[in-house]
Amino acid sequence: MYICGPTVYDYFHIGNARTFIMADIIRRYLEYKNYNVTYVMNLTDIDDKIIKKSIEEKVPASEVAKKYSDAFFEDIKRLKIKLATFYPKATDNIDEILRMIKALVDGGAAYNVDGNVFYNVSSFKPYGKLSGKKIDELESGARVEVMEEKQDPLDFALWKKSKEGEPFWKSEWGNGRPGWHIECSAMSCKHLGETFDIHAGGNDLIFPHHENEIAQSEAATKKPFVKYWLHFGFLNINKEKMSKSLGNFFTAREVLAKYSAEAIRLFFAQAHYRGPVDFTSELLDSAEKGLEKLKNLRSAIDSAMNKNKPGGVDPGFNFQHFEKRFTDALDDDFNTPQAVAVIFDFVKEANRTIAEKENLHLDFYIAARDFLIKTADNVLGIISFKEKEVKQDSLLENELIKILIDIRLKAKNEKNFQLADDIRKKLESLAITLKDTKEGTDFFKRE
RNA sequence: GGCGGCGUUGCCAAGUGGUCUAAGGCGAAGGUCUGCAAAACCUUUAUUCGUCAGUUCGAAUCUGACCGCCGCCUCCA
């Protein structure tokens with residue numbers, strides 16, 4: 001599986017994050033289904049924008065790329081995106097790229113004009129098959145900037161001759177750097193072979209980027225390039241595409257400063273990957289709110305398991321039923337909104353069971369926990385069940401909380417509700433929530 | 001101009017020929033529990049799916065027209 005990654009000239013925005021997150025969920029689901037997924041995401045670390053930025057900031061292009069690819073890895077980690085199998089960089093794969101360009105030139109699909117190598121679009125008959133465009137229609141409506149060197153305005157650069165002061169690599173056509181489209185063809189081929197299963201990317205890459213990849217790869221290898229294309233819808237702001245060029249964007253780190261990764265992921269998972277999504281803080285708030293339900297059930301499960309009472313009733317809960325509904329949803333073109341609905345149905349049903357049956361068998365909680373780990377945690381990534389490290393001081397802390405709970409209980413028994421409420425309120429302000437139940441008082445620490 | 005997509009409850013959003021008087025989340029209203037909270041549970045919240053016409057025994061789902069919105073055709077996830 002290959003996905004077009006970022007050009008590392010800036011922090012990525014929350015619209016890019018949507019693509020990365022949805023691709024991550026799809027990848028995690030394929031792994032859930034026991035596919036052995038080789039997940040490749042390229043990093044474009046040499047390109048016009050990077051060069052522009054390096055001139056503006058008066059630092060080498062490689063330093064710009066380093067800074068923003070470091071930032072990229074920080075951000076995806078915070079978004080709970082699993083690391084790819086490979087993150088090939090353009091500058092590490094110049095040999096592969098040059099080899100493919102050579103194959104294209106030798107095969108007559110590309111030509112060299114004074115150190116610039118262009119792909120000859122008209123040499124590839126199926127050009128336009130992915131985007132549904134026809135070559136002649138494109139030409140008639142061409143807004144394409146006409147470069148004099150090109151034989152045809154639709155032709156695109158495989159190798160760009162370097163200008164004075166720009167970074168360059170040596171090639172038989174002279175000093176230059178790779179074009180954007182050829183990177184993906186060369187690097188996907190290197191890691192995934194000449195034909196591979198899934199290629200994903202944003203909607204706007206269909207044309208020309210993915211169209212060009214097909215043209216390059218299929219002309220070079222004479223084999224089908226990709227079996228399935230996956231294109232993600234845009235994130236809009238006020239129904240307008242969020243993009244760097246329009247300037248109407250939030251970076252992922254700006255959004256992460258206000259909202260949890262889980263809420264961001266839930267927000268995206270609640271819409272189908274192909275459609276557009278409007279981004280507003282109200283919707284993030286409502287996702288954050290919805291997450292509470294999931295977290296409360298997790299707390300209930302955790303505290304029941306900590307008590308570890310033997311025996312109890314087996315409620316005959318049908319976990320398979322929910323798991324089947326979950327996989328049915330995702331088997332149907334990765335219908336994540338449906339899958340999320342199944343999770344919430346499960347939460348409701350589990351809560352109902354807990355509310356109705358007094359003394360549940362521990363196995364119920366274990367199975368409920370397993371179900372949520374498999375689905376909501378491992379696939380969707382909207383909640384985490386990972387064992388938290390128990391720190392030394394938190395053990396002491398827990399004992400102190402228990403003492404306060406005892407004092408509060410005494411106060412309650414003496415009908416000194418003012419003191420009882422005061423203790424609860426003060427603990428709340430320390431992010432510790434008390435919850436009175438029939439079996440005593442539980443406490444939860446907020447994250 | 002060419003190509004593609006979308007329009008479902010107060011908001012978001014699944015559903016693409018009968019199980020739909022339409023899932024799920026948020027919001028709202030009432031109730032149970034509680035000293036009070038919190039959480040949880042129960043009940044209510046679209047006879048209707050942009051508009052009009054058609055196909056069909058049957059349509060949110062198919063066809064046509066119209067209205068509105070968006071994207072791509074130039075770097076863009």
Side-chain angles (χ1 to χ4, degrees), chain A residues 3-7 9 12-23 47-49 52 128 131-134 136-145 153-154 156 180 200-209 211 231-236 238-246 249 266-267 269-272 274-278 280 282-297 299-300 325 329 332 335-345 347-348 350-356 412-413 415-418 420-421 424-425 428 433-438 442 444:
Chain A
I3 169 168
C4 292
T7 299
Y9 72 104
F12 69 82
H13 62 63
I14 190 69
N16 301 310
R18 182 190 187 196
T19 294
F20 301 154
I21 287 172
M22 293 314 285
D47 145 290
D48 292 350
K49 286 177 183 156
K52 186 168 169 241
S131 54
K133 295 182 191 300
K134 297 185 184 72
D136 38 329
E137 281 168 1
L138 281 167
E139 298 205 12
S140 60
R143 286 195 283 159
V144 188
E145 172 191 347
L154 289 176
F156 55 90
W180 175 45
N203 225 326
D204 51 354
L205 297 184
I206 295 175
F207 189 89
H209 184 56
E211 201 69 72
H231 289 107
F232 301 102
F234 286 124
L235 191 65
N236 295 329
N238 295 325
K239 304 218 166 170
E240 254 190 343
K241 174 182 173 182
M242 177 184 284
S243 74
K244 297 248 169 86
S245 27
L246 287 171
F249 64 91
L266 175 62
F267 167 66
Q270 276 181 313
H272 190 90
R274 264 189 282 109
V277 168
D278 225 64
T280 67
E282 285 76 21
L283 293 172
L284 262 300
D285 284 335
S286 97
E288 202 81 73
K289 213 60 212 291
L291 223 47
E292 288 293 320
K293 271 194 171 152
L294 216 47
K295 288 187 196 163
N296 286 330
L297 177 60
S299 301
R325 284 180 57 206
D332 181 15
N335 190 334
T336 53
Q338 196 65 254
V340 169
V342 174
I343 299 295
F344 281 103
D345 277 345
V347 170
K348 187 158 200 118
N351 276 329
R352 199 200 321 253
T353 304
I354 292 168
E356 280 172 3
K412 273 174 64 174
N413 289 339
K415 303 235 183 284
N416 185 353
F417 295 122
Q418 208 179 340
D421 290 352
R424 184 169 62 198
K425 216 188 281 172
E428 186 64 47
T433 303
L434 297 189
K435 184 177 151 192
D436 293 333
T437 70
K438 280 177 189 154
D442 286 341
F444 307 102

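Everything quoted here is computed from the prediction, not taken from an experiment. In the text below, chain A, chain B and the rest are named by the order of the sequence lines, each starting its count at 1.
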Assign a letter to each nucleotide of nucleotides 17-34 of chain B from its 5' end: B, base within under 4.0 Å of a protein heavy atom; S, sugar-phosphate only; -, no contact.
-> ------BSSSS-------
Same-atom distance ([atom1]) from [N] to [M], integer angstrom:
N	M	atom1	result
B:rA40	B:rC33	C1'	9 Å
B:rG31	B:rG18	C1'	37 Å
B:rG2	B:rC75	P	23 Å
B:rU61	B:rU55	P	15 Å
B:rA23	B:rA13	C1'	10 Å
B:rG7	B:rA60	P	15 Å
B:rU48	B:rC20	C1'	10 Å
B:rG35	B:rU19	P	47 Å

For [X], which residues count as a side chain to side chain donor-acceptor pair (under 3.5 Å) partner, sequence neighbours excluded?
X	answer
A:Ser131	A:Glu211
A:Asp278	none
A:Glu240	none
A:Thr433	A:Glu428

Restricting to side chain to side chain contact (heavy atoms under 4.5 Å, CB included), what partner residues turn up for [X], sequence neighbours left out?
X	answer
A:Lys435	A:Thr437, A:Phe444
A:Arg274	A:His272, A:Asp333
A:Gln338	A:Ala329, A:Asn335, A:Ala341
A:Leu283	A:Phe267, A:Thr280

Polar pair under 3.5 Å, donor/acceptor by atom type, side chain A:Arg424, base B:rA37 = yes
Using the six-membered ring wherever Trp is involved, compare the ring planes of A:Phe249 and A:His13 and label them parallel, tilted or perpendicular (cut-offs 30° and 60°).
-> tilted
Is any side-chain N or O of [X] closer than 4.0 Å to OP1 or OP2 of [N]?
X	N	answer
A:Asn236	B:rG71	no
A:Asn335	B:rG15	yes
A:Asn351	B:rC41	yes

Take the protein atom NE2 of A:His272 and the nucleotide atom C1' of B:rC12, then report the distance between them rounded to whole Å.
-> 16 Å
Separation of A:Glu240 atom CD from B:rA77 atom P, in whole Å?
-> 17 Å
Select from A:Asp204 and A:Phe267 the residue whose nearest nucleotide in RNA chain B is closer to the 5' end of that strand.
-> A:Phe267
If each of A:Thr7 and A:Asp278 is mapped to the nucleotide of RNA chain B with the nearest heavy atom, which maps nearer the 5' terminus, i.e. the 5' end?
-> A:Asp278
Any side-chain heavy atom of A:Asp204 sitting closer than 4.5 Å to one from A:Lys241?
-> yes
4.5 Å side-chain heavy-atom contact, A:Gln270 and A:Val277 | no
Look at the side chain of [X] and decide which nucleotide, out of [options], has an atom nearest to it.
X	options	result
A:Lys412	B:rG15, B:rC41, B:rG35	B:rG35
A:Phe234	B:rC72, B:rC75, B:rG71	B:rG71
A:Ala355	B:rG35, B:rC41, B:rC75	B:rC41
A:Pro208	B:rC42, B:rA77, B:rC75	B:rC75

Return the set of residues passing ring-ring contact (aromatic ring centres under 6.0 Å, His included) with A:Phe234 (not counting sequence neighbours), or none when no residue passes.
-> none
Charged N to carboxylate O under 4.0 angstrom, A:Arg424 versus A:Asp421?
-> yes
Under the rule of Watson-Crick or G-U wobble with both distances under 3.5 Å, where | means paired to another strand and [ ] a crossing pair, RNA chain B maps to ((((((((.[[[..)..(.....]]]((((((.......))))))....[[[[[..)....]]]]])))))))....
Pull out every protein N or O sitting under 3.5 Å from an N or O of nucleotides 2-5 of chain B, one pair per line with the distance.
from: B:rG2; atom 1: O2'; to: A:Glu137; atom 2: OE1; distance (Å): 2.9
from: B:rG2; atom 1: N2; to: A:Lys133; atom 2: NZ; distance (Å): 3.1

